[in-house]
2 protein chains.
Amino acid sequence: MRRAVKARAGHTSEGTLERLEALCRERGQRLTRQRRAVLRKLAAERRALSAYELLARLRPEDGRSTPAGVYRALEFLMEAGVVHRLESTRSFILCEHPDAPHGGQLLICRVCGQVVEAEDEPVAAATGRLGERLGFSLDPRVLELTGVCARCRARSAAH
Amino acid sequence: MRRAVKARAGHTSEGTLERLEALCRERGQRLTRQRRAVLRKLAAERRALSAYELLARLRPEDGRSTPAGVYRALEFLMEAGVVHRLESTRSFILCEHPDAPHGGQLLICRVCGQVVEAEDEPVAAATGRLGERLGFSLDPRVLELTGVCARCRARSAAH
DNA sequence: CGCCGATTGATACAATGTATCATGTTACGA
DNA sequence: TCGTAACATGATACATTGTATCAATCGGCG
């Protein structure tokens, strides 16, 4: 029997579905079976999945899934702000804070792949000021920070 | 006749070649013709180039360049710390501060592609503290920030 | 020269992402 | 209920980005 793990595993935060339904109403779009399926697969992971990993998980349930279909679902979910793309690993992960308006930060453990999402004000403020100083109006994009998480560090210290 | 443009265009900073030569001595490697060629092409641009754009620029001079060769040269230059990879655009750019030890920030204009490199202490400090707070020891990786530069903003404001 | 490690060339292929067009599906109004 | 227009998917093909492998070559040094 496993201990409960924090936020991400196994479910979608309440905000997510609401947000998606609102967006659909607003724009005349639809929260289809395929989009729900992609969302569900992402919600079942604590780490990010590549589009083709997602495809492999979808195929058993729906043999007609295609790369294009997966990418289209992901695009929809990203526009809705409930999924992030990790550029550094070319993969996708469920957003833990779908209601936060500003871009947050993602800390990615390069050993175990775990991703922790943060909304750190000091970081946001510092990058904002840097942008101003250099004349850039920065997109509120999510910042990716890679490193080693506490657990993996402990494990490697213990040999 | 064109006005001089800041740092990046047309030349390699003094630190770069020194650093490469030192690294080669240290590790028994060589600063070969091909590696110099890739460096030169990157030095001629203010924006980042994809590996295949580089390849296209190298082919006229050396018809035997291959993707693998370009990637190998880039890998060498990145290990030496004189070239950065922009994950968000899958492209490569010359480093303006080859001597700065810590990871800096790259501000990328999503309109014109211009890249400005910064070494901002407040940003570095804020991300470092965030990492500590969440138990991550962060890699000194370069941070990518996308947005719109002052010039492109002005241009689009004027219609 | 002849060896040795570093580097390159050549080829093939893997992984990631898109374009296009025909076909389904759904909401909504006549 | 039926038609229809917008939204979404399926199928196919292809573009882009990145690697693996192995033989050939280069450059310095005894």
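Order of the sequence lines sets the chain letters (A, B, ...), proteins ahead of strands, with each chain counted from 1.
In this model, the phosphate group of dT9(D) is approached by a side-chain N or O of T32(A) to a distance below 4.0 Å at OP1 or OP2. Phosphate proximity of dA6(D) to R27(A): absent, as no side-chain N or O sits under 4.0 Å from OP1 or OP2. Between R35(A) and the phosphate of dA8(D), there is a side-chain N or O to OP1/OP2 separation shorter than 4.0 Å.
Nearer the 5' end of DNA chain C, as judged by each residue's closest nucleotide, is the contact made by S65(B), out of S65(B) and S50(A). Checking Q29(B) against R90(B), the closest nucleotide of DNA chain C that is more toward the 5' end is the one next to Q29(B).
Among the atoms of the strands shown, none is found under 4.0 Å from any heavy atom of R25(A).
Distance, Q34(A) CD to dT25(C) C1': 13 Å, rounded to whole Å. Spacing between atom CD of E21(A) and atom P of dT26(C) amounts to 16 Å, rounded to whole angstrom units. Protein atom CZ of R36(B) is 17 Å distant from nucleotide atom C1' of dT8(C), rounded to whole Å. Across the protein-nucleic acid pair, E53(B) atom CD and dG18(D) atom P stand 11 Å apart, rounded to whole Å. dT16(C) atom P lies 11 Å from atom CG of L54(A), rounded to whole Å. Rounded to a whole Å, the OH atom of Y71(A) is 17 Å from the P atom of dA15(D). Following rounding to the nearest Å, L31(B) (CG) and dT8(C) (C1') show an atom-to-atom distance of 15 Å. R33(B) places its CZ atom 20 Å from the P atom of dA6(C), with the value rounded to the nearest Å.
Side-chain atoms of F92(A) lie closest to dG17(C) of the nucleotides dG17(C), dT17(D), dT7(C).
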Protein within reach of the bases, or only the backbone? For nucleotides 21-28 of chain D, mark each nucleotide 5' to 3' as B, S or -, using heavy atoms under 4.0 Å.
B----BS-
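Considering R57(B), K41(B), R36(B), R33(B) in turn, R33(B) is the only one that fulfils the salt bridge (Lys or Arg N to Asp or Glu O under 4.0 Å) rule with D62(B).
For the residue pair S88(A)/E144(A), the side-chain donor-acceptor check at 3.5 Å is satisfied.
R30(A) contributes no side-chain N or O that, together with a main-chain N or O of C24(A), makes up a donor-acceptor pair within less than 3.5 Å. R59(B) places no side-chain N or O within 3.5 Å of a backbone atom of R64(B) that could act as its donor or acceptor partner. Checked by atom type and distance alone, the side chain of R19(B) pairs as donor or acceptor with a backbone atom of P98(B) at under 3.5 Å.
Remark: R40(A) engages E61(A) in a side-chain hydrogen bond (donor to acceptor under 3.5 Å, both in side chains) (not counting sequence neighbours).
Residues E117(A) and Q105(A) have side chains not in contact (no heavy-atom distance under 4.5 Å, counting atoms from C-beta outward).
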